[in-house]
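Working notes, beginning with the structure itself.
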Amino acid sequence: DGTVIPDEVRELARAIMRKVLARHHRPDLSRCNMVIDQRGVELSDGGDTTFSLWASLKTLDGKVAIPLLSHDYFEGRRGLRKKSIQVNEREDGTLVFGIITDIGNAVRDLKAEYEERRKRRAAEGRACDTIALDWGLRTLFATSEGGLLGRSFLSRLRAYDARISKLAAYRQRHGLRVRSPRYDREVQRLRGFLRSEIGRVLNRLVDVHAPETIVVEMLDFRHPHLSRRLNRILSNSGRSIVNEKLQDLHERYGIKIVEVNAAYSSQECSSCGYVDKRNRTEEQFHCLWCGKKQHADVNASRNQRARSGKG
């Protein structure tokens, strides 16, 4: 209404906003990735140049040539390469260009090949229709078939935990904000390790057992031997990475994903159903009722398979 806002009120408003933004991320467009089709970009082979491909962007001032480097994953990716690119902005502000691939027909072929593999395994008497996973951290996953996948997972997490916690403590002692480019790089390395290790283990599981259904617990990515800071990072990142990989297996091979409640699964005997918290001691499970002895995480995964109704 034309009223002049006093300087002290404006200073107070700025102080309030600084406090709010110090605790919450500023909104940005890092997750709003831009897709450019053939009307705005032309793709061509690198020819005799160092780069495998070139993307020529059409702008109001002319064309801008951008060199693109290929990698093994892209070269081995099945599907039809489209004449479109996606532009992603990383947290450090750098731009990454990716060529879009239509994998619709490739996925249909993969599902058919996977079904044929399952039929061959059934004919050989080695079929595994349903397999359940128990998230353990000491070992990444324990399976209802008795397998322990990713046995060095916890020790490697502790190494990341030591580096991240040491860096955070140093910055706090000197009155600095914990977040810094170096801190962000360490967290990004941890997330990269989680993504590659979870992907490697689940890919190996599918290659060996070729299940029709995978049963998972409602994951709680925490461990008492890790710091609160790393547990928080695991809770935020680990669950989403596992869910993304399971969704990828569902879309790629048609594997059904069933999620069950894991309450008391570590205390319940998978043989007789007796529940007692004294049944479990660290990694060992010894039923006080029937005397059954087995690895505690394997016992929990078998309980989850039974709860899914596919045991």
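Numbers here are sequence positions counted from 1.
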inquiry  = Determine whether Ser271 and Gln294 satisfy the following criterion, side-chain hydrogen bond (donor to acceptor under 3.5 Å, both in side chains), listing intermediate values before the conclusion.
reply    = CA-CA 10 Å; Ser271 296; Gln294 57 187 326; 4.7 Å; no

Check against side chain to side chain contact (heavy atoms under 4.5 Å, CB included), Leu205 and Ile131 = CA-CA 9 Å; Leu205 175 78; Ile131 190 167; 3.5 Å; yes

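- With respect to Glu113 and Arg78, a salt bridge is recorded, a charged nitrogen being found less than 4.0 Å from a carboxylate O.
- Side-chain contact between Leu190 and Arg163: absent, with no pair of heavy atoms (C-beta onward) separated by less than 4.5 Å.
- Paired with Glu244 under the rule salt bridge (Lys or Arg N to Asp or Glu O under 4.0 Å), one option of Arg195, Arg191, Arg239 passes, and it is Arg195.
- Salt bridge annotation for Glu145-Arg305: present, with a cationic side-chain nitrogen under 4.0 angstrom from a carboxylate oxygen.
- Cys290 is listed as a side-chain neighbour of Cys269, based on a closest heavy-atom distance under 4.5 Å.
- The local environment of CD1 in Ile5 is sparse, with at most 12 non-hydrogen atoms from other residues, nucleotides or ligands closer than 6.0 Å.
- Residues Val107 and Leu249 are members of separate hydrophobic clusters, defined by side-chain heavy-atom contacts under 4.5 angstrom among Ile, Leu, Val, Met, Phe, Trp and Tyr.
- We find the CD1-CG distance between Ile233 and Leu194 to be 9.5 Å, quoted to the nearest 0.5 Å.
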request  = Could you please spell out the steps behind the side-chain hydrogen bond (donor to acceptor under 3.5 Å, both in side chains) verdict for Ser270 and Asn299?
outcome  = CA-CA 6 Å; Ser270 59; Asn299 173 76; 3.0 Å; yes

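- Between Leu57 atom CG and Ile36 atom CD1 the span is 5.0 Å, to the nearest 0.5 Å.
- For the residue pair Gln267/Asn279, the side-chain donor-acceptor check at 3.5 Å is not satisfied.
- Checked by atom type, the side-chain pair Glu251/Gln247 shows a donor-acceptor distance below 3.5 Å.
- Counting heavy atoms from C-beta outward, Arg278 and His286 have side chains that stay 4.5 Å or more apart.
- No more than 12 heavy atoms of other residues, nucleotides or ligands lie within 6.0 Å of CZ in Arg204, so this atom counts as exposed by the packing criterion.
- Inter-residue side-chain proximity for Leu230 and Ile164 is flagged as met; some heavy-atom pair is nearer than 4.5 Å.
- Between Arg302 and Asp134, none of the side-chain N atoms (NZ, or NE/NH1/NH2) sits under 4.0 Å from a carboxylate O, so this pair counts as no salt bridge.
- In terms of heavy atoms, Ile198 sits closest to Gly238 at CD1-O, 4.4 Å.
- In this structure, the side chain of His209 does not engage the main chain of Pro211 through any donor-acceptor pair within 3.5 Å.
- Partners of Tyr183 under the ring-ring contact (aromatic ring centres under 6.0 Å, His included) rule, at least two apart in sequence or in another chain, do not exist in this structure.
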request  = In sequence, state the C-alpha distance, the side-chain angles, and the governing distance for Tyr73 and Arg77, and then conclude on side-chain hydrogen bond (donor to acceptor under 3.5 Å, both in side chains).
outcome  = CA-CA 6 Å; Tyr73 178 79; Arg77 185 175 175 84; 3.0 Å; yes

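- Atom CG of Leu68 and atom CD1 of Ile99 lie 5.5 Å apart (nearest 0.5 Å).
- Linking ILVMFWY residues whenever their side-chain heavy atoms come closer than 4.5 Å, directly or via other members, leaves Val208 and Val215 in distinct clusters.
- Leu157 CG to Ser152 OG: the interatomic distance, rounded to the nearest 0.5 Å, is 9.5 Å.
- The pair Glu268-Arg307 counts as a salt bridge, with a side-chain nitrogen and a carboxylate oxygen less than 4.0 angstrom apart.
- Side-chain atoms of Arg118 come within 3.5 Å of backbone atoms of Ala210 as a donor-acceptor pair (strictly under, hydrogens ignored).
- Contact of the Glu75 side chain with the His71 side chain is not registered, since no non-hydrogen atoms from C-beta on lie closer than 4.5 Å.
- Side chain of His250 to main chain of Ile255: a donor-acceptor pair is present (N/O by atom type, distance under 3.5 Å, no hydrogens or angles).
- In this structure, the side chains of Leu133 and Leu202 come closer than 4.5 Å at one or more pairs of heavy atoms.
- Using a 4.5 Å heavy-atom cutoff, the side chains of Pro6 and Val9 are in contact.
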request  = Would you check, one step at a time, whether the test salt bridge (Lys or Arg N to Asp or Glu O under 4.0 Å) holds for Lys83 with Asp37?
outcome  = CA-CA 6 Å; Lys83 298 179 180 179; Asp37 61 17; over 6 Å; no

inquiry  = Run Leu95 and Asn88 through side chain to side chain contact (heavy atoms under 4.5 Å, CB included) and show every step you take.
reply    = CA-CA 6 Å; Leu95 296 178; Asn88 304 322; over 6 Å; no

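- When the shell of 6.0 Å around OH of Tyr274 is examined, it contains more than 12 heavy atoms from other residues, nucleotides or ligands.
- No single ILVMFWY cluster, assembled from side-chain heavy atoms under 4.5 Å apart, contains both Val201 and Val298.
- The CZ atom of Arg280 sits 14.5 Å away from the SG atom of Cys287 when rounded to the nearest 0.5 Å.
- Side-chain contact between Glu212 and Thr130: absent, with no pair of heavy atoms (C-beta onward) separated by less than 4.5 Å.
- Glu124 and Arg121 are not joined by a salt bridge, as no carboxylate oxygen comes within less than 4.0 angstrom of a charged side-chain nitrogen.
- With values rounded to the nearest 0.5 angstrom, Thr139 atom OG1 is found 8.0 Å from Arg151 atom CZ.
- By the criterion of side-chain heavy atoms lying less than 4.5 angstrom apart, applied directly or through intervening Ile, Leu, Val, Met, Phe, Trp or Tyr residues, Phe193 is grouped together with Leu140 in one hydrophobic cluster.
- Nearest heavy-atom pair, Ala296 versus Phe285, reported as atom, atom and distance to 0.1 Å: CA-CB, 3.8 Å.
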message = Pair Lys58, Val41 - check side chain to side chain contact (heavy atoms under 4.5 Å, CB included), show working.
response = CA-CA 6 Å; Lys58 301 175 184 178; Val41 64; over 6 Å; no

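- Remark: Lys82 NZ is loosely packed, at most 12 non-hydrogen atoms of other residues, nucleotides or ligands lying under 6.0 Å away.
- Side chains of Lys245 and Asn203: a donor on one and an acceptor on the other come within 3.5 Å.
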ask   = Please walk me through it: do Arg81 and Asp102 pass salt bridge (Lys or Arg N to Asp or Glu O under 4.0 Å)?
value = CA-CA 6 Å; Arg81 185 182 298 175; Asp102 183 358; over 6 Å; no

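- Side-chain contact annotation: Asp161 with Ser227, donor-acceptor N/O pair under 3.5 Å present.
- We find that Arg189 and Glu186 are joined by a salt bridge, their nearest charged nitrogen and carboxylate oxygen being less than 4.0 Å apart.
- Atom CG of Asp45 sits in a sparse spot, with 12 or fewer heavy atoms from other residues, nucleotides or ligands closer than 6.0 Å.
- In the hydrophobic clustering of ILVMFWY residues, with side-chain heavy atoms under 4.5 Å counting as a link, Val35 and Ile85 come out apart.
- Under the side chain to side chain donor-acceptor pair (under 3.5 Å) criterion, Trp54 pairs with Thr49, sequence neighbours left out.
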task = Dump the intermediate steps for side chain to side chain contact (heavy atoms under 4.5 Å, CB included) on Lys292 and Cys272, then the final yes or no.
result = CA-CA 9 Å; Lys292 178 74 172 182; Cys272 68; over 6 Å; no

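- Using a 30° and 60° split on the angle between ring planes, Tyr253 and Tyr114 fall in the tilted class, from 30° to 60°.
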